Amino acid sequence: MSDKRVRTRFAPSPTGFLHIGGVRTALYAQLLAKKHGGIFLLRVEDTDQARMVPGAVENLCRTLQQLNITPDEGVWLDENGAVTERGEHGPYTQSKRQAIHQKYAQELVAMDKAYPCFCTAERLEELRQTQEITKRPTGYDGHCRNLDKQEVQNRIANGEKHVIRLKLPKEGSVTINDVIRGDVIFDWKLIDDQVIIKSDGMATYHLASMADDHDMAITHVIRGEEWLSSAPKHVFIYEAFGWELPVFAHLPLILNQDKSKLSKRQGDVAAEDYLQKGYLPPALINFLALLGWNPSGEREIYSHDELAELFNLEKINKAGAVFNLEKLNWLNNHYLRLLPDEEYLALINPHLPAAEQDLEFKNRIALLFRERLILPSEISVWSEFFFADKLDYSAVKLNWKDHSTNEAIERLKAAKTWIAELTEEQEHDAGAIETIIKDKIQTQGWGNGDTLWPLRVALSGAEKSPSPFELIATYGPKRSLARIDEALAFLLK
RNA sequence: GGCCCGUUCGUCUAGGGGCUAGGACGUCACCCUCUCACGGUGAAAACAGGGGUUCAAUUCCCCUACGGGCUACCA
């Protein structure tokens with residue numbers, strides 16, 4: 001490679017949500033640009049008017065920016081959240097480049113590398129059906145490939161509807177050099193004369209994307225594997241114009257559990273859904289980066305910056321990768337635990353009852369369950385008993401194993417006096433509380449189990465919960481004593 | 001059907017002509033322990049199959065099987 005500046009791009013079409021696979025494609029493009037001090041740009045491919053979804057561009061940009069995959073150039077969201085463009089190579093929205101695409105198409109026609117085609121949709125449909133019935137490969141039969149020039153001019157002058165097709169070689173082969181897959185050879189005779197300008201005047205992907213990649217000085221075309229089969233057409237266009245080819249990298253697909261292409265049916269594929277559920281951007285980035293690429297070694301955790309430093313196209317895997325939600329969950333828990341307390345608390349607070357006014361109490365609860373959470377929203381289930389007016393003890397056993405109820409009552413009464421004696425410094429210190437209570441238990445000659453179990457169940461109303469020391473520290477003495485009284489009342493009833 | 005791509009534990013992967021094939025998630029066991037979670041220790045778990053090449057193939061080549069992508073006036 002020459003030392004020219006690396007320029008990569010992510011070029012989605014605004015047909016709805018941002019697919020999680022698209023996020024990875026965008027991420028790799030950004031990572032490569034970052035690594036080489038280059039430019040990562042966002043271009044919107046909206047040449048198919050029929051599939052346009054209102055608001056999709058904003059949504060796309062917002063999701064990308066939330067994930068810190070903000071483009072250096074091209075389409076982006078300004079401070080007010082409005083869609084704008086920046087950069088010298090614009091416009092970056094393909095529908096605004098129609099005239100440019102038209103000009104390139106005419107040049108191709110002039111060079112005899114493309115031709116107008118007047119075939120109707122009906123004729124094409126008939127052709128396909130005949131081919132299918134006779135079990136021949138489907139494809140355009142070249143009906144308009146060699147029309148008389150004068151006839152073509154007349155028909156166009158008469159306003160006859162037409163498209164422009166590529167005039168591909170009929171023999172020989174073409175070799176695509178892909179950084180990930182090496183040389184891939186295709187026979188020209190098997191490749192269709194692809195439509196590059198539709199009858200509505202809009203270019204198709206094949207022309208639009210190549211023309212724009214060239215005009216925007218893209219050095220590395222990073223895209224999904226589904227494009228590999230059409231790469232010959234793209235190389236043909238580049239070579240027809242004598243343009244220097246970009247580096248091609250066709251990424252392996254992200255798959256469902258059953259190895260089919262990741263689809264909506266089998267889980268969430270929209271990046272925004274993950275964000276909304278509470279998956280953290282660094283966790284998502286870490287996870288996606290390692291889905292199909294690995295810098296070698298045994299590390300699992302990488303920051304966005306570290307990824308940019310280590311990234312390289314050559315180490316991308318060839319095989320598709322199953323989207324492993326379990327691992328994403330593990331990563332999210334990991335990143336949740338790494339968050340500064342302030343940020344963590346801000347994330348959790350919305351999931352705690354708004355009616356509870358004691359913010360300190362709520363914060364202690366949030367911190368208590370931190371290592372158990374995969375998603376912030378899960379706090380509401382874990383912490384439910386803290387906010388309940390009354391606990392229901394009927395479903396749990398307050399006495400330890402085969403110990404008696406009277407024994408449980410005795411231990412709970414003792415615990416009340418211990419809690420009442422806690423100093424202000426001790427009352428929210430689980431460690432100190434543990435030392436004190438264990439010491440008291442020992443002086444009494446009691447056992448940890450027969451004392452701590454009733455105490456913990458009295459405080460939580462549940463068989464499974466954090467330790468009684470943590471519960472006391474989280475509740476504070478007043479609420480702790482009230483809970484124990486509730487349990488006592490239940491036992492003495 | 002045709003063309004193209006792929007195949008290391010269940011999953012993500014490391015490795016690469018000679019290794020006890022390594023790590024992570026998940027699973028299981030044990031430890032810690034009043035329960036759960038965390039943490040610690042350990043276990044089960046893979047080179048798709050068949051031919052070559054080679055002193056030696058999981059690694060290189062070929063074939064088969066299986067999986068996937070493409071086969072639009074969609075991207």
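None of these values were measured; they are calculated from a predicted model. In what follows, every heavy atom counts, from backbone to side chain, and hydrogens, waters and symmetry copies are set aside. Chain identifiers are assigned alphabetically (A, B, ...) following the order of the sequence lines, protein sequences preceding nucleic acid strands; residue numbering begins at 1 within each chain.
Between B:A48 and B:A57, the distance separating the two P atoms is 16 Å to the nearest Å. Comparing the P positions of B:U7 and B:C61 gives an interatomic distance of 12 Å, to the nearest angstrom. For the C1' atoms, the distance linking B:C31 with B:C66 amounts to 44 Å, nearest Å. Only the C1' atoms considered, B:C74 is 39 Å distant from B:A14, to the nearest whole Å. Rounded to a whole angstrom, the distance from the C1' atom of B:U71 to that of B:U64 is 24 Å. B:A46 sits 16 Å from B:U27 when the C1' atoms are compared, rounded to a whole Å. Comparing B:C9 with B:U58, their C1' atoms are spaced 14 Å from each other, to the whole Å. Rounded to whole Å, the P atom of B:U13 lies 35 Å from the corresponding atom of B:U54.
The distance between atom CG of A:Leu291 and atom P of B:C25, rounded to the nearest whole Å, is 16 Å. Between A:Phe287 atom CZ and B:C12 atom P the separation is 10 Å, expressed in whole Å. We find that NZ of A:Lys315 is positioned 9 Å from C1' of B:A14, with the value rounded to whole Å. One atom, CD1 of A:Ile20, and another, P of B:C12, lie 16 Å apart when rounded to the nearest Å. Going from atom CD of A:Gln257 over to atom P of B:G26 covers 14 Å, rounded to whole Å. Atom NZ of A:Lys189 is separated from atom C1' of B:C4 by 14 Å (rounded to the nearest Å). Between A:Leu471 atom CG and B:C36 atom C1' the separation is 11 Å, expressed in whole Å. Atom-to-atom, CD1 of A:Ile301 to C1' of B:C25 comes out at 11 Å; the value is rounded to the nearest Å.
The cationic group of A:Arg370 lies under 6.0 Å from the six-membered ring centre of A:Tyr344 and within 45° of the ring axis, placing it in a cation-pi geometry.
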Every protein N/O lying under 3.5 Å from an N/O of nucleotides 37-46 of chain B:
from	atom 1	to	atom 2	distance (Å)
B:C38	O3'	A:Arg337	NH1	3.3
B:C38	O2'	A:Arg337	NH2	3.0

Provide a list of protein-nucleic acid N or O atom pairs under 3.5 angstrom, restricted to nucleotides 27-34 of chain B.
from	atom 1	to	atom 2	distance (Å)
B:C34	OP1	A:Asn448	ND2	3.1
B:C34	O2	A:Arg456	NE	2.8

Atom pairs, N/O to N/O, protein against nucleotides 18-23 of chain B, distance under 3.5 Å?
from	atom 1	to	atom 2	distance (Å)
B:G22	O2'	A:Glu298	OE2	2.5
B:G23	O4'	A:Glu298	OE2	3.3
B:G23	O2'	A:Glu298	O	3.4
B:G23	N2	A:Glu300	OE2	3.4

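A salt bridge links A:Glu486 with A:Arg483: the distance from a Lys NZ or Arg NE/NH1/NH2 to an Asp or Glu carboxylate oxygen falls below 4.0 Å. Between A:Glu45 and A:Arg43 a salt bridge is recorded (basic side-chain N to carboxylate O distance below 4.0 Å). Taking the charged nitrogens against the carboxylate oxygens, A:Asp268 and A:Lys277 do have a contact shorter than 4.0 Å, which makes a salt bridge.
Here the CG-NZ distance, from A:Asp193 to A:Lys170, works out to 4.5 Å after rounding to the nearest 0.5 Å. To the nearest 0.5 Å, atoms CD1 (A:Ile379) and CD1 (A:Ile365) are separated by 7.5 Å.
Taking 4.5 Å as the limit, some side-chain heavy atom of A:Arg181 sits within range of a side-chain heavy atom of A:Val184.
In the model, A:Ser404 has no side-chain atom that pairs as donor or acceptor with a side-chain atom of A:Glu407 under 3.5 Å. Using modelled atom types, one finds no donor on one side chain facing an acceptor on the other under 3.5 Å when comparing A:Thr25 with A:Arg223. A donor and an acceptor atom, one from each side chain of A:Tyr238 and A:Asp213, are nowhere located under 3.5 Å apart.
Nucleotide B:A48: paired with B:U64 (Watson-Crick or G-U wobble, both distances less than 3.5 Å). Under the Watson-Crick or G-U wobble criterion, with both distances below 3.5 Å, B:U54 is left unpaired in every strand shown. When both distances must be under 3.5 Å, the Watson-Crick or G-U wobble mate of B:U35 does not exist. In a base pair of the Watson-Crick type (N1 to N3 plus N6-O4 or O6-N4) or a G-U wobble (N1-O2 and O6-N3), with each distance short of 3.5 Å, B:C25 is matched with B:G10. Summarising the base pairing, B:C30 is matched to B:G40 through a Watson-Crick or G-U wobble pair whose two defining distances lie under 3.5 Å. Partner assigned to B:A72 is none, using Watson-Crick or G-U wobble distances below 3.5 angstrom.
Looking at residues two or more places apart in sequence or on another chain, you find no side chain to side chain donor-acceptor pair (under 3.5 Å) involving A:Lys161. Residues forming a salt bridge (Lys or Arg N to Asp or Glu O under 4.0 Å) with A:Arg155 (at least two apart in sequence, or on another chain): A:Glu151, A:Glu160. By the salt bridge (Lys or Arg N to Asp or Glu O under 4.0 Å) test, A:Lys327 is found to be paired with A:Glu300, residues two or more places apart in sequence or in another chain being considered. Remark: A:Lys113 pairs with no residue by the side chain to side chain donor-acceptor pair (under 3.5 Å) rule, at least two apart or across chains. Scored by the side chain to side chain donor-acceptor pair (under 3.5 Å) test, A:Ser303 finds A:Glu306 as partners (sequence neighbours excluded).
Ring centroids of A:Phe10 and A:Phe40 are separated by 6.0 Å or more, keeping the two rings apart. Taking the six-membered ring where the residue is Trp, the centroids of A:Tyr205 and A:Trp227 are separated by under 6.0 Å.
Residue A:Asn317 places no side-chain N or O under 4.0 Å from the OP1 or OP2 atom of B:C12.
Residue pairs meeting the ring pair (Phe, Tyr, Trp, His ring centres under 6.0 Å) criterion with at least one partner in residues 113-141 of chain A, sequence neighbours excluded, are A:Phe118-A:His162. The list of side chain to side chain donor-acceptor pair (under 3.5 Å) pairs with a residue in residues 282-298 of chain A, not counting sequence neighbours, reads A:Asn286-A:Tyr335, A:Trp293-A:Asn312, A:Ser296-A:Lys315.
Note on A:Lys135: nothing from the nucleic acid sits closer than 4.0 angstrom, heavy atoms only. Residue-level contact check: A:Glu326 touches the backbone only, with heavy atoms under 4.0 Å from sugar-phosphate atoms and none from bases.
Comparing B:C12, B:C4, B:G6 against the side chain of A:Asn324 picks out B:C12 as the nearest.
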Inset, instruction - Produce a footprint string for nucleotides 67-75 of chain B: one letter per nucleotide, 5' end first; B if the base is under 4.0 Å from any protein heavy atom, S if only the sugar-phosphate is, - if neither. - result: SSBSSSBBB

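Contacts of residues 97-104 of chain A with RNA chain B (heavy atom under 4.0 Å): none.
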